[in-house]
Amino acid sequence: MSELSMFDVLGPNMIGPSSSHTAGACRIGKVGNKMSKGDISYVRFYLHGSFGQTYQGHGTDRALVGGILGFDPDDERIVESLNIANNLGIKYEFIKKDLGDVHANTVKIEIEKSDGETVEVMGSSIGGGNIIITRINGLDLEFTGEYFTLVVPHIDRPGIVTKVTSVLANHEINIAFMKVYRHTRGKEAFMIIESDNVVDQKTMDEIKALNGVMNTYSINLK
Amino acid sequence: MNFNSAREIIDLSNSEGKKIYELMIARETELQGATEAEIRKNMARSLEIMKKAVEDSITKDIKSISGLIGGDAKKIYKNESIKGGTICGAMMKKAIAYSMGVLEVNASMGKIVAAPTAGSSGIIPGTLIALQEEYDLSEAVIINALITSSAIGLIVSKNATVAGAEGGCQAETGTAAAMAAGAIVEMMGGTVEQSFHAAATSLKNILGLVCDPIAGLVEAPCEKRNAIGASNALISAEMALCGVESIIPFDEVVDAMYKIGRSLPFELKETALGGLADTETGRRIKKEIHNN
C-alpha cells in the first residue's frame with residue numbers, strides 16, 4: 001500500500017451514494033471494459049453478499065454497467081448507464097449468487113464479446129472506492145488498480161518475463177510491482193505489471209508482438 | 001516530510017513556523033510527486049463539486065434512489081415559518097441545510113466528494129461553504145481549509161478507521177466533524193494546538209455513535225447526522241477559538257474511537273441489522289424498498 005494522498009482522504013470524487021457500492025462497483029466494471037477492450041454484446045453480473053442484497057438501492061447496477069461502458073466513478077452518465085447500454089444494444093443481467101468464501105461486496109462479471117468469446121472478471125469492493133480484482137478467466141490472481149496496471153496473458157515458458165520487462169525498460173517504464181500467475185506449467189499464464197507511468201500504445205504493441213505473448217491490456221483506474 | 005499523529009503535526013508546525021495546510025502540501029509534494037499548483041488545481045476541482053452539490057440541493061427537486069429522503073435542505077434554506085427564518089442563526093442554518101443537501105445529492109446519485117466518506121460527505125462542504133458566504137472568504141482560503149481538513153483525516157485513517165463498517169458512524173461523521181472543526185479553527189486564525197483541540201472535541205462529542213442505516217442505504221439517519229456533524233464542528237471550533245481546550249489530546253481520542261469501534265457489535269456497523277434499521281418502522285421501510 002502506498003502512502004495515502006490528501007485526495008484519498010478527501011475523495012474520491014464520485015457519483016453517490018456509496019463509495020463501496022457505487023464507486024468501487026464502477027471501477028470493477030471498468031476492469032471488465034478493459035479486459036474485453038470495450039467489445040461487449042452481453043454481460044452477466046453475479047452479485048454476492050451485500051452487493052446482491054442492496055444493489056438497486058445503492059445504484060450498484062447502474063455503476064457496474066457504467067463501468068462496463070468505460071465510465072469513471074465520477075462520470076455523471078452513470079445515472080443513465082442502463083439506458084445508454086440499451087441504446088448501444090448491450091444486453092445485461094443481474095443475478096444474485098453466493099460466490100463462496102469471498103468479500104461481502106463481490107461481483108463476478110461474465111462478458112460475451114461480439115465474436116462469442118467470453119471474458120470473466122471477478123473483484124471485490126473493499127471500501128472507500130478501493131477494489132481488488134481476484135480472478136480473470138478462471139485464474140486466481142490479485143491486483144488493485146491503484147497503479148497503472150498492465151495485464152499480459154502469455155504462454156508459460158522460460159525467458160518470456162525478461163522479454164516483456166526489457167521492452168518496458170527500453171521505454172523507461174519503471175515497474176512498481178510485478179506478479180506472474182499460471183494455470184498449469186507450459187499453458188496460459190498472466191503477468192500483472194504495476195507501474196508508476198502510463199504504458200503507451202506503442203509499448204503495448206511491442207509487447208504484444210513478442211513470441212509467446214497472447215495479448216496486452218492496460219488498466220488505468222481513477 | 002511525513003507525519004503519523006497530531007503530536008507530530010503540532011511539533012512540525014511549531015518548529016517550522018508552518019500552518020497545517022503548508023505541512024500537508026509539503027508532504028503531498030514529496031510523497032506523491034505533485035506540484036503545489038497541481039494540488040491546488042485538484043482541490044479547486046473538489047471545491048467546485050462540493051459547491052455544485054450545495055447549489056443543486058437548494059435549487060432543484062432532489063429525491064433519493066429509494067425515495068426515502070429529499071427536499072429537506074431546501075425546506076430549511078427557504079424556511080419562513082420561523083420568525084426571521086431561523087432559531088440557530090443565519091450561519092448555522094446554512095451549515096445545516098448545506099450539509100444535508102450534499103447528502104441528498106449523494107443519495108440521488110449526484111456527484112460528491114467523499115469527505116472522508118460518501119455517508120459523511122456533507123459536513124466539510126456544509127460548514128466551509130456556509131462560513132465562506134457569511135465571512136466573504138476567498139476561494140484560496142477555503143482550498144487551504146480543505147487541505148488542512150485532509151491532514152486531520154489522514155491522522156484518523158492512519159491510526160484508526162473512517163469506515164462505518166469498521167468503526168460505526170463515529171468513524172465517519174465524527175472524523176468529518178473533526179476534520180471540519182480543525183480546518184475552521186486554522187482558517188479563522190487559531191493556532192495549530194487550537195485546531196486539534198477543536199478536532200478532539202468534535203470526535204469526543206459523538207464517541208460511540210453507531211451506524212444503523214435504514215434498509216442499508218446511505219440515506220437515513222445519515223442525512224440528519226450530517227447536520228449534527230456540521231453543528232458539532234462549528235460548536236467545537238468556537239470553543240477552541242475561545243481558548244477552551246480538550247482535556248484528552250486528539251491522538252488519544254482517535255485511539256479511543258478506534259477501540260470503541262472495534263468493540264461495537266457487527267449489527268451496529270453498517271450491516272443494517274441493529275439500531276434504527278431494526279425498529280418496527282425501519283424493518284417495514286426495508287421491506288417496502290427491497291420488494292419494489
Side-chain angles (χ1 to χ4, degrees), chain A residues 1-26 49-63 66 71-82 96 103-105 125-130 146-147 174 196-197 222, chain B residues 2 24-25 27-28 31-34 39 42-43 45-46 49 53 64-66 68 102-119 121 124 146-147 149-154 156-158 161-163 165-166 175 179 215-219 222 270-272 289-290 292:
Chain A
M1 187 78 180
S2 59
E3 276 284 350
L4 287 172
S5 154
M6 67 168 79
F7 297 101
D8 296 323
V9 181
L10 215 56
N13 301 342
M14 55 170 274
I15 300 302
S18 160
S19 56
S20 52
H21 288 72
T22 320
C26 176
S50 173
F51 264 15
Q53 295 304 314
T54 63
Y55 72 95
Q56 285 161 319
H58 279 123
T60 307
D61 46 357
R62 289 186 257 183
F71 301 165
D72 288 312
D74 65 347
D75 193 321
E76 274 154 324
R77 291 175 295 176
I78 287 173
V79 183
E80 286 301 318
S81 67
L82 300 184
K96 289 184 194 178
H103 187 280
N105 292 330
S125 179
I126 57 169
N130 298 309
E146 194 184 331
Y147 295 84
N174 185 41
D196 295 322
N197 354 46
K222 257 210 256 190
Chain B
N2 204 353
M24 194 61 180
I25 289 170
R27 176 187 180 274
E28 191 82 1
L31 297 181
Q32 308 291 337
I39 292 167
N42 286 337
M43 205 49 98
R45 174 78 191 120
S46 306
I49 294 170
S64 68
I65 310 173
S66 74
L68 200 53
V102 174
L103 245 279
E104 291 177 349
V105 167
N106 180 59
S108 68
M109 294 195 82
K111 195 191 287 195
I112 56 100
V113 179
T117 62
S121 59
I124 291 169
L146 288 172
I147 296 171
S149 80
S150 74
I152 296 165
L154 178 76
V156 183
S157 289
K158 279 191 169 190
T161 177
V162 300
E166 278 183 81
T175 302
M179 291 165 69
L217 305 175
V218 192
E219 300 192 9
C222 320
E270 218 181 279
T271 55
I289 290 173
H290 295 309
N292 278 344

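All chains are named by letter (A, B, ...) in the order of the sequence lines, taking the proteins before the strands, and each is independently numbered beginning at 1.
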Note, [X] side chain near [Y] side chain (heavy atom, < 4.5 Å):
X	Y	result
Glu219(B)	Pro17(A)	no
Met6(A)	Asn42(B)	no
Leu10(A)	Ile124(B)	yes
Gln56(A)	Ile65(B)	no
Met109(B)	Glu80(A)	no
His58(A)	Leu217(B)	yes

* To do: Show your reasoning for whether side chain to side chain contact (heavy atoms under 4.5 Å, CB included) applies to Met43(B) and Phe7(A).
  => CA-CA 8 Å; Met43(B) 205 49 98; Phe7(A) 297 101; 3.7 Å; yes
For [X], is it the side chain, the backbone, both or neither that has a heavy atom under 4.5 Å from a heavy atom of chain A?
X	result
Ala163(B)	neither
Ile39(B)	both
Leu154(B)	both
Ala272(B)	neither

Which distance, rounded to the nearest 0.5 Å, do you find between the [atom1] of [X] and the [atom2] of [Y]?
X	Y	atom1	atom2	result
Ser19(A)	Ile112(B)	OG	CD1	8.0 Å
Met14(A)	Asn106(B)	CE	CG	5.5 Å
Asn13(A)	Ile49(B)	CG	CD1	3.5 Å

* Taking Glu3(A) for its side chain and Gln32(B) for its backbone only, find out whether a donor-acceptor pair lies under 3.5 Å. => no
* To do: Could you tell me whether the side chain of Lys111(B) and the main chain of Asp74(A) form a donor-acceptor pair under 3.5 Å?
  => yes
* **chain A contacts, top residue of Thr117(B), Val162(B), Leu146(B) (heavy-atom pairs, under 4.5 Å)** => Leu146(B)
* Asked: Do you know which of Ala114(B), Ala115(B), Ala107(B) has the most heavy-atom pairs with chain A at a distance under 4.5 angstrom?
  -> Ala114(B)
* **Which atom of Leu4(A) lies closest to which atom of Ser157(B), heavy atoms considered** => CD1-CB, 3.7 Å
* **Proximal component of Thr22(A), with respect to chain B [non-hydrogen, under 4.5 Å]** => side chain
